[in-house]
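Note sheet for the following structure.
In listed order, ligands and their atoms are each counted from 1.
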Amino acid sequence: MSSYDVPDTCGLTSFSRRRMLKSGAAAAVLAALPWSIRQSYAREPSTLVIVGGGTAGMIASIFAAYRGAKVVVIEKQLSVGGSLVITGGNLGAAGTVFQKARGIHDTAQKHYDDIMRISKGTAVPEMARLWADNAGGMVDWLAGKGLVIPDDRLSVGIYDYYSVPRYHAALQNGISILAVMKPEFDRLVGLGQITLMTGADAIELMQDRKGVVTGVVVADGKGRRSDVSGRSTVLATGGCASNPRMFEALHGVPLYRRVAMPSSQGVGITLGLSAGGHVRCAENYIGYYGSIAESDQWPSLAAANMDIDPRSRAPWEIFVNASGERFVREDHPSMSERDRTMDRQAGHCFWAVFDQRVLDEAPALIGSWSRAKLLDAFNTHPMFHQGATLAELGVRAGINPANLQKTVDAYNLSVERRNPDPFDREHRPVPLARGPFYAVRSQTWTLKSYAGLGVDKDLRVTTKEGRAIDGLYAAGEVLGAATGGKAHTNGASLTPALTFGKLLGEKIIRV
Ligand SMILES: Cc1cc2nc3c(=O)[nH]c(=O)nc-3n(C[C@H](O)[C@H](O)[C@H](O)COP(=O)(O)OP(=O)(O)OC[C@H]3O[C@@H](n4cnc5c(N)ncnc54)[C@H](O)[C@@H]3O)c2cc1C
């Protein structure tokens with residue numbers, strides 16, 4: 001007897017399950033029951049077990065239910081939605097109704113070409129293709145359910161630009177997407193087509209002797225275990241960007257900031273590996289630079305962001321690493337190009353170095369701060385340093401002082417003589433010659449994980465050798481950065497999560 005068998009005292013076990021399901025009202029009653037009780041009524045094996053009721057899991061379950069599948073969604077939290085409650089809600093999709101309504105001609109091929117251009121070929125081609133080919137249909141479905149993208153929120157993107165306006169920014173971020181998906185999900189739960197188990201933690205995969213995945217073992221809040229079996233199992237548990245140990249072990253980079261949902265613990269990766277799967281794309285890690293950490297205890301909060309996008313504020317400062325050397329064209333128009341340089345910098349940090357003249361004449365480096373707050377930070381904040389000389393600044397900030405002096409001298413000379421910049425920087429308004437000198441340390445960070453399970457074009461989890469593991473699929477951030485590559489490709493996580501979830505439910509999984 002399973003620990004979830006229902007004691008007769010609840011008065012429901014004497015009621016025929018078939019009769020209950022025939023009645024819509026009874027289905028609604030069933031839907032309102034705790035999952036542990038509902039489980040005892042779900043004696044027929046499920047077609048599909050979806051682990052994670054977030055971005056990818058919700059839409060996968062909706063589309064599988066449309067095809068008559070018997071779906072069980074296992075969700076660790078007490079409610080569904082996952083990262084949709086915090087995501088930016090920015091979607092990259094081609095050929096959508098929103099584009100057509102504005103006369104924008106776009107194709108999946110153009111989208112694919114843009115992904116490969118922006119990622120410099122580091123996106124996994126078949127994953128990028130799957131995203132580009134199918135995202136338009138997914139966005140159109142959301143539109144049909146009521147998603148609105150106002151005119152001024154359809155653009156070429158905020159990172160490296162797409163070649164046409166294809167970046168759909170939902171009005172209230174991910175909440176707008178959840179608001180149109182949740183009623184449909186709830187309706188299907190009410191009809192008994194989706195069984196939702198909340199507060200249920202998937203802890204193990206079940207496999208038969210031949211290695212076919214046959215479901216998952218779940219535990220409730222009290223640690224009681226139960227088997228949930230199904231013909232196919234989808235891992236849709238999100239990434240690992242709230243699990244510092246796993247994040248660092250997989251990427252070789254500490255988790256400098258924890259921004260993701262606390263539930264993003266990487267359990268799906270562990271489950272996939274336990275069945276023989278493999279992890280790929282760790283090398284696609286790319287942090288955002290320009291953020292100032294509150295402290296150097298990782299993961300840290302953010303104190304502020306520097307305004308260093310040359311499209312809105314051309315840099316007056318130079319950026320140096322701990323060796324006191326420049327390493328980047330500070331005004332490079334591509335954010336991904338700039339950020340990729342951080343891989344090679346010790347501690348994934350740099351310092352924006354400037355002098356008193358820049359402080360007095362340049363547009364504010366931290367636009368959201370008053371000048372008084374900035375000046376105060378140089379006396380109080382561990383990431384802000386000043387020195388009467390460059391040597392003193394270097395010592396205080398932890399930058400090689402001799403090299404810092406040489407670097408600034410070389411920069412000043414080339415500015416004064418109008419020599420070409422060794423990094424091809426174009427905006428060099430003034431030399432850095434008037435002390436005191438200042439340095440503000442920036443630490444890279446990320447909001448998602450890049451390493452994820454390898455899958456084939458049918459989203460079946462594969463071994464390192466490329467063999468599909470029977471019965472096991474995955475979608476969402478558990479796949480890592482296969483779709484966007486080592487770049488800030490607009491909409492590269494949320495859009496594939498929704499698109500691949502829809503594809504799994506709609507076409508791929510046998511029902
Ligand atoms: C602040 C922020 C902004 C972002 N903005 C964008 C953006 O604008 N565009 C973009 O493309 N991407 C964006 N992303 C990334 C994108 O939102 C996510 O990658 C995507 O939503 C993840 O979807 P998912 O289905 O994989 O995971 P989730 O939506 O997180 O769902 C996973 C679900 O699985 C559940 N779960 C986890 N472990 C278990 C377990 N063991 N048992 C049962 N359930 C479990 C979780 O509780 C959760 O509900 C952003 C991310 C963040 C953090």
Side-chain angles (χ1 to χ4, degrees), residues 35 49-61 72-93 115 131 135 139 153 157-159 167-170 172-178 181 185 196-205 216-221 228 233-243 246 257-272 274 288 302 445-450 452-453 474-484 488-502 504:
W35 68 265
V49 179
I50 296 182
V51 187
T55 313
M58 280 180 82
I59 192 166
S61 65
V72 178
V73 174
I74 294 164
E75 171 50 54
K76 182 159 76 174
Q77 304 300 314
L78 295 180
S79 56
V80 292
S83 297
L84 284 173
V85 300
I86 57 167
T87 183
N90 302 303
L91 303 161
I115 296 168
W131 166 22
V139 168
R153 294 178 73 91
I158 52 172
Y159 305 135
Y167 191 58
H168 302 66
Q172 287 179 299
N173 308 339
I175 295 292
S176 300
I177 298 170
L178 184 59
M181 283 206 321
F185 181 84
L196 172 62
M197 301 167 64
T198 54
D201 195 0
I203 53 171
E204 240 173 72
L205 283 180
V216 291
V217 180
V218 298
D220 71 3
V228 181
T233 299
V234 175
L235 299 174
T237 47
C240 67
S242 277
N243 181 337
M246 183 188 270
R257 182 120 46 101
R258 196 184 333 225
V259 184
M261 287 294 281
S263 57
S264 298
Q265 293 292 326
V267 175
I269 296 177
T270 310
L271 294 178
S274 74
Y288 298 103
W445 65 285
T446 179
L447 42 74
K448 63 180 184 183
S449 40
Y450 291 76
L453 292 175
E477 202 178 304
V478 72
L479 302 183
T483 36
H488 304 300
T489 310
N490 294 290
S493 301
L494 179 64
T495 331
L498 290 164
T499 305
F500 293 2
K502 176 171 177 278
L504 279 172

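The closest non-hydrogen atom to atom 33 (C) of ligand 1, taken over A236, A474, P262, A492, comes from A236. Closest heavy-atom approach to atom 6 (C) of ligand 1 among the candidates T87, T483, T198, T446: T87.
Between N90 and N173 there is no side-chain heavy-atom pair separated by less than 4.5 Å. The shortest side-chain heavy-atom distance between I59 and M181 falls under the 4.5 Å cut-off. Within the 4.5 Å cutoff, no side-chain heavy atoms of V73 are placed close to those of M197. Under the 4.5 Å side-chain criterion, counting only non-hydrogen atoms from C-beta, T55 is not in contact with T87. Looking at heavy atoms from C-beta onward, V267 lies out of side-chain contact with I269 at the 4.5 angstrom threshold. Two residues are said to be in side-chain contact when any heavy atoms from C-beta on lie closer than 4.5 Å; I175 and I86 fail this criterion. Taking the side chain as every heavy atom from C-beta outward, V49 and V234 never approach each other to under 4.5 Å. Between L84 and L494 there is a side-chain heavy-atom pair separated by less than 4.5 Å.
Distances between N or O atoms of A475 and those of ligand 1 include no value under 3.5 Å.
Taking the six-membered ring where tryptophan is involved, the planes of Y288 and H488 are essentially parallel, since the angle between them stays under 30° and well short of 60°.
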Next on the checklist: side chain to side chain contact (heavy atoms under 4.5 Å, CB included) for L178 and V85? Distances and angles first, verdict last.
Outcome noted: CA-CA 7 Å; L178 184 59; V85 300; 3.8 Å; yes
Next on the checklist: Checking S242 against M261 for the side chain to side chain contact (heavy atoms under 4.5 Å, CB included) test, could you report, in this order, the C-alpha distance in whole Å, the side-chain angles of both residues, the deciding distance, and whether it holds?
Outcome noted: CA-CA 7 Å; S242 277; M261 287 294 281; 5.6 Å; no
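Taking every non-hydrogen atom of G476 and a distance limit under 4.0 Å, the qualifying atoms of ligand 1 come out as 26 (O). Which parts of ligand 1 touch V267 is read off a 4.0 Å heavy-atom cut-off, strictly below it: atoms 41 (N). Near A260, meaning under 4.0 Å from any of its heavy atoms, are these atoms of ligand 1: 53 (C). Those atoms of ligand 1 that come under 4.0 Å of a heavy atom in I86, given as number and element, are 1 (C), 2 (C), 3 (C), 53 (C). Every atom of ligand 1 is numbered from 1 in the order shown, and the set under 4.0 Å from a heavy atom of G89 is 8 (O). The distance from ligand 1 to the heavy atoms of S83 drops below 4.0 Å at these ligand atoms: 21 (O), 28 (P), 29 (O), 30 (O). Residue contact check: A200 has heavy atoms under 4.0 Å from atoms 42 (N), 43 (C) of ligand 1. Counting the atoms of ligand 1 from 1 in the order shown, those under 4.0 Å from a heavy atom of D201 are 40 (C), 41 (N), 42 (N).
For atom 21 (O) of ligand 1, the closest heavy atom belonging to the protein is T55 OG1, 3.0 Å. Closest to atom 26 (O) of ligand 1, if we only count protein heavy atoms, is E477 N, 2.7 Å. The protein non-hydrogen atom at the shortest distance from atom 47 (O) of ligand 1 is E75 OE2, 2.6 Å. Annotation: atom 37 (C) of ligand 1 to nearest protein heavy atom, T237 O, 3.4 Å. If you check which protein heavy atom lies closest to atom 9 (N) of ligand 1, you get N90 O, 3.1 Å. Remark: minimum distance from atom 45 (C) of ligand 1 to any protein heavy atom is reached at K76 CB, 3.6 Å. Residue, atom and distance of the protein heavy atom nearest to atom 25 (O) of ligand 1 are A56 N, 2.9 Å. Of the protein's heavy atoms, G54 CA, 3.3 Å lies nearest to atom 31 (O) of ligand 1.
Using a 4.0 Å cut-off between heavy atoms, K448 makes no contact with ligand 1 at all.
Using a non-hydrogen distance threshold of 4.0 Å, Q77 registers as a contact of ligand 1. Taking 4.0 Å as the cut-off, M261 does not count as a neighbour of ligand 1 on heavy-atom distance.
Using a 3.5 Å distance cut-off with no hydrogens or angles, the side chains of S264 and E477 do not pair a donor with an acceptor.
Closest non-hydrogen pair, V80 versus G53, comes out as CB-O, 3.3 Å.
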